[in-house]
Amino acid sequence: PSSYYLATATLVVNPTSSSGTVNSNDITAATRLAQSYASLVTSVPVLELVEANLGDEYSVGFLSSSLYAWSSLDSNLINVQGRGSDPEVIVQAVNATAQQYIIWSADREVSAAGLNPETLQGSLDDINDELDAINAQLAALATRPQPLSDEEQAQRTVLSDLRENYERARSSIQDLQATYVEIAAAASQRVSFDVPAVLQTQTEGAPLFFYIIPALLLVLAGLGFKIA
């Protein structure tokens, strides 16, 4: 009989609570989420990330035919299992899939909130540039002979109002950035990879006659036949 290898890793769906204290409802919610998440662990987007990180040997086709994920109805654990002839490859595939699922899941949750960190930072940079330009103009007006002309006073008023508006906009974007960090942190902790792949060696079933012959001998012995 030939041998093959099973590698099983475990993901944990962590109960969360807005109040900071986890109760039975939070645990029940985590258990239900585990059922939903299990079907996503080996989904194509996750496997594509694994292939991108590990190379063509770990193609989506190979992974989808070698891996399976499931969760018990009363558990917040997700089991990720791989089966193959190369122990190193199958362990790597299982661990990488579990890790990439956590990354993909967190990114998905953050994207659902409609917050893009690159876009926010780009907007903040633009606002800071505008504020630098406004402050430079106000500083230049401050060096002019006093009192300022009516035109210069009007210009200073417009620039001051613009600066106030830009500062409010900057504060709002910084608040959004802080919200993004909070959501990303919570999303990354939603599922944890606490148990890396554990390897087991399995043996393919013996040929059918291995089972038939002993059974036949027992039947014959029961009928009074003696085996020489």
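Remember, it's a predicted structure, so these values are computed and weren't measured experimentally. Residue numbers start at 1 and run along the sequence shown.
Remark: the Asp125 side chain and the Gln121 side chain contain an N/O donor-acceptor pair separated by less than 3.5 Å.
A heavy-atom distance below 4.5 Å is not found between the side chains of Thr42 and Leu63. Val41 is listed as a side-chain neighbour of Thr97, based on a closest heavy-atom distance under 4.5 Å. Side chains of Ile127 and Ile173 form a contact here, defined as non-hydrogen atoms less than 4.5 Å apart.
Electrostatic pairing of Arg156 and Glu152 does not count as a salt bridge here, judged by no charged N lying under 4.0 Å from a carboxylate O.
Heavy-atom neighbours of Gln153 CD from other residues, nucleotides or ligands within 6.0 Å: above the threshold of 12. The 12-atom threshold is exceeded at CZ of Phe62, counting heavy atoms of other residues, nucleotides or ligands nearer than 6.0 Å. Annotation for Glu151: atom CD does not count as buried by contact number, only 12 or fewer foreign heavy atoms lying within 6.0 Å.
A donor-acceptor pair under 3.5 Å is absent between the side-chain atoms of Ser171 and the main chain of Arg168, judged by distance alone. Without hydrogens or angle criteria, Asn95 side chain to Ala197 main chain gives a donor-acceptor distance under 3.5 Å. Side chain of Ser75 to backbone of Leu77: a donor-acceptor contact under 3.5 angstrom is found. Gln146 places a side-chain N or O within 3.5 Å of a backbone atom of Arg144 that can act as its donor or acceptor partner. Judged by distance alone, the side chain of Glu51 and the main-chain N or O of Asp56 form no donor-acceptor pair under 3.5 Å.
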Less than 3.5 Å apart, which donor and acceptor atoms pair up between the side chains of residues 100-113 and the rest of the protein, not counting sequence neighbours?
| residue | atom | partner | partner atom | Å |
| --- | --- | --- | --- | --- |
| Glu109 | OE2 | Arg190 | NH2 | 2.4 |
| Ser111 | OG | Asp107 | O | 2.8 |

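When the side chains of ILVMFWY residues are joined at heavy-atom separations under 4.5 Å, either directly or via intervening members, Leu148 and Val158 end up in two distinct hydrophobic clusters.
Atom OG in Ser43 sits 9.0 Å away from atom CD in Glu48 (nearest 0.5 Å). Distance check, rounded to the nearest 0.5 Å: CD1 of Ile134 to CG of Leu159 gives 6.5 Å.
Remark: Arg83 qualifies as a cation-pi partner of Tyr4 under the 6.0 Å distance and 45° angle criteria applied to the six-membered ring.
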